[in-house]
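Step one of this worksheet: look at the structure below.
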Amino acid sequence: MNTIGTGTYGSSWRAKYFSSNLQQVLRKALVAEAVCTVDRSDSFYIHNPYSNQPTAAIQALAGTYSVSAWTVTDDTLTVTDEAIYGEHVFHFERVMNNYNLMMARMDEMAYAVAYGIDYFVVNVLCEDGTGTYTTPVGGFTAANTPVILSNLLSKVAGFSEAYNGTFLIIENTDLPGFIQWQATSGYNYADAALNNGFVARAMGVDVYVVRTGTFVSTTIGSRSDITNSGHRVFGVKNMATYAAPRGVQYEEKAVSGKTGREIFAVGYVGAKVWAQKAALIVDITIA
Amino acid sequence: MRKRYPLSPFPLTSPRTNMAKEKSQEKSSQREELWAKFLESYKAKNPVKFAQKEAAGEFKTIPASFRGEIVEKFVLKNGQRVGIEVIS
């Protein structure tokens, strides 16, 4: 039999539930996890993993070569931000509810923190990607969607990195045109869309949908240079790094003068689009 | 013949309405000021994208998502706090 703590059994169980639940939410629900390389080390600085791109010489058989100088870029990802939320559940609230209030609040908190991380990373990707593309007028309409996807794919095709797969992050308000196009395209594909609804893969691109209001123009945490209102992002997967030291942490404490428990959840976050690969992340302007 | 009512002894807009109006005007001018500052800092940080987006007319109106707050952040060095900086 497992030994779970020695004193407050209830809080020990909750700690286990909350910690595992947070990690599950973090790994399954986050768009950032799916499109970036994730660094879970406790590092404050993460150094640029990319060096310059060499060009091989093509020459008649000679058996000789010249030694080239290669360089790295002195650049770092710094973990500067945190997604954090706290609240207090009073004892009477817990006792007199006819559902498990603690668990319900923990689930909500886990999703709130996870969304905060996504909100930050998605906006950093969109802002720092140096590829640019403007959609035809109307944005993601049924007629425009295949045009947009084909144009975006051509932006990153030909690079070996494209074999990592590509992603497109749109808001839920872009979906109607997308779904209408899917339901009327081809045979098997249209049948799949008609049976199941939105197909999350189109023309080889993994499409992720975030809620409207995710792409913003405002200060987010330490980043005061985010101007993504009316923008979306497309790119090659694993080209940017997102740092999440120790995932999401949680703490539960008894507070003087209050019954029940105060709980907070925090996730530290940093994100970086590395200079060498920035062109493989495309900032889409919706016309 | 239509009955004529005497003019109301009360002004058309109450002092309270005027105060609310002034307050909202003050708020919107403060928001515009913060937006201008935000754009100024954006121009310094990312001149290439600033020029692209300005040419596309993206900064003509303040987007609804702009929170318009004064934000402070810790200045960190090796993960330690070494000061506080106003970033927008």
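This is a predicted model, so every value here is computed, not measured. The sequence lines fix the lettering, A, B, ..., with proteins before strands; numbering per chain opens at 1.
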- Heavy-atom proximity to chain B below 4.5 Å, by part of A:Thr285: side chain
- May I ask you to check whether over 12 heavy atoms, not counting those of A:Tyr115, lie within 6.0 Å of atom OH? yes
- Looking only at B:Asn78, B:Leu76, B:Asn46, the option with the highest number of non-hydrogen pairs under 4.5 Å against chain A is B:Asn78
- Query: Within a radius of less than 6.0 Å around CZ of A:Arg211, do more than 12 heavy atoms belonging to other residues, nucleotides or ligands occur?
  - Reply: no
- Item | Short side-chain to backbone donor-acceptor contact, A:Thr218 and B:Arg67, under 3.5 Å | yes
- Give a yes or no answer on whether the side chain of B:Ser65 reaches the backbone of A:Ser217 with a donor-acceptor pair at less than 3.5 Å. yes
- Determine whether more than 12 heavy atoms belonging to other residues, nucleotides or ligands lie under 6.0 Å from atom OH of A:Tyr111. no
- Message: Sort by residue number and list every residue of residues 48-57 of chain B having at least one heavy atom under 4.5 Å from chain A.
- Response: B:Lys49, B:Gln52, B:Lys53
- Query: Counting only heavy atoms not in A:Phe264, do more than 12 fall under 6.0 Å of its CZ?
  - Reply: yes
- With rounding to the nearest 0.5 Å, note down the distance linking OH in B:Tyr42 to CG in A:Asp225. 7.0 Å
- Message: Please evaluate residues B:Lys45 and A:Ser224 with respect to the criterion side chain to side chain contact (heavy atoms under 4.5 Å, CB included), reporting the C-alpha separation (whole Å), side-chain torsions for both, the decisive distance (0.1 Å), and the verdict.
- Response: CA-CA 9 Å; B:Lys45 284 179 185 159; A:Ser224 59; 2.3 Å; yes
- For A:Thr132, is it the side chain, the backbone, both or neither that has a heavy atom under 4.5 Å from a heavy atom of chain B? side chain
- Just how far is it from atom NZ of B:Lys77 to atom CZ of A:Phe44, taken to the nearest 0.5 Å? 11.0 Å
- Contact check, side chains of A:Thr227 and B:Phe38, non-hydrogen atoms, under 4.5 Å: yes
- Message: Would you say that more than 12 heavy atoms from the other residues, nucleotides or ligands in this model lie under 6.0 Å from the NZ of B:Lys43, or not?
- Response: no
